[in-house]
Amino acid sequence: MTLGLFDDLPATPQAPEWLEPGAVVLRGFALPQAIELLQAVDAITAQAPFRHLITPGGQRMSVAMSNTGALGWISDRSGYRYGPTDPTTGLPWPPMPALFRQLAREAAEAAGYPGFVPDACLINRYAPGTRLSLHQDRDEGNYDHPIVSVSLGIPAIFLWGGAERADKARRVGLWHGDVVVWGGPARLRFHGVAPLADASHAMTSGLRINLTFRKASG
DNA sequence: TAGTAACT
DNA sequence: CGGC
């Protein structure tokens, strides 16, 4: 994608691409806010720095993570959970910017989930080679609320699996500005990210930034 | 088990 | 694969 000067500029408003009932890719949905979103990520991660979490099995995740909002997702040797404070600093996670909340609500509504009010935004930073193996989002209080995932920077191949880990995963390209929303019958689908290819993007210093919005409590 | 090794 |  090093040649794709205009890869993040869709020629026309894009039709929603349904992966299955309940799950949709909104191409370019976050493009108008991309610069502001990335500026906010810089401000947030100046307070809650990116770090590589450890899985319960003791392995270092290749994705660097931070959080914004009342709750943040964390992993360590004792498990996965949401918590109100950053284990690295002991401070509350930085408050979620109104722009983030609004984008998540609008994307969820466009996907058929009106009234989404996220209380957690996991910020994932991917460098070339970074991956995220297939998993389910199962650490939230209930599964009535959708997941909203915003892609910024260099492209990735999203792995869209099934209800069981062994199900074959579909490979879906995600570019700067794309937003994936899944909920309802698709809420517990396995998903992940293939190892990132080398690429560059002017707005992210050659990285991919992913914002994943969830309602973790309530 | 949000990762890895150790296979085929 | 074994501890939440």
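Order of the sequence lines sets the chain letters (A, B, ...), proteins ahead of strands, with each chain counted from 1.
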Sub-3.5 Å pairs of nitrogen or oxygen atoms, protein against nucleotides 1-4 of chain C:
unit_1, atom_1, unit_2, atom_2, d
C:dC4, O3', A:Ser78, O, 3.4

Could you list the protein-to-nucleotides 3-6 of chain B atom pairs, N/O on both sides, closer than 3.5 Å?
unit_1, atom_1, unit_2, atom_2, d
B:dG3, OP2, A:Ser133, N, 2.6
B:dG3, OP2, A:Ser133, OG, 2.1

Could you spell out the base pairing of DNA chain B in dot-bracket, with Watson-Crick or G-U pairs whose two distances are under 3.5 Å, [ ] crossing and | to another strand? ..|.....
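Within the structure, the salt bridge (charged side-chain N to carboxylate O under 4.0 Å, His left out) test picks out the following pairs touching residues 65-94 of chain A (sequence neighbours left out): A:Arg51-A:Asp86, A:Asp76-A:Arg81.
Evaluation of the salt bridge (charged side-chain N to carboxylate O under 4.0 Å, His left out) rule for A:Asp167 yields no partner, not counting sequence neighbours.
Rounded to an integer number of Å, the gap from A:Leu188 CG to B:dT1 C1' is 15 Å. As a whole-Å value, the separation of A:Arg51 CZ from B:dA2 P is 19 Å. Atom CD1 of A:Ile54 is separated from atom P of B:dT1 by 12 Å (rounded to the nearest Å).
A salt bridge does not link A:Arg189 to A:Glu164: none of the charged side-chain nitrogens sits closer than 4.0 Å to a carboxylate oxygen. The pair A:Glu17-A:Arg27 meets the salt-bridge criterion, since a charged nitrogen lies less than 4.0 angstrom from a carboxylate oxygen.
Considering every non-hydrogen atom in both A:Asn142 and A:Gly218, the closest pair reads ND2-O, 3.0 Å. A:Tyr143 and A:Asp137 get closest at one heavy-atom pair: CE2-O, 4.1 Å. A:Phe213 and A:Val150 get closest at one heavy-atom pair: CE1-CG2, 4.0 Å.
Only the P atoms considered, B:dT8 is 25 Å distant from B:dG3, to the nearest whole Å. A distance of about 23 Å separates the P atoms of B:dC7 and B:dA2, rounded to the whole Å.
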Taking it one step at a time, do A:Phe100 and A:Ile44 satisfy side-chain contact (heavy atoms from CB on, under 4.5 Å)? CA-CA 12 Å; A:Phe100 281 37; A:Ile44 290 160; 4.0 Å; yes
Under 3.5 Å, sequence neighbours excluded: what are the donor-acceptor pairs made by side chains of residues 123-132 of chain A?
unit_1, atom_1, unit_2, atom_2, d
A:Thr130, OG1, A:Ala127, N, 3.1
A:Thr130, OG1, A:Ala127, O, 3.0

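Residue A:Asp76 is out of contact with every strand shown, counting any heavy-atom pair closer than 4.0 Å.
A donor-acceptor contact closer than 3.5 angstrom links the side chains of A:Trp73 and A:Asp139. No donor-acceptor contact under 3.5 angstrom links the side chains of A:Gln47 and A:Trp93, judged on distance only.
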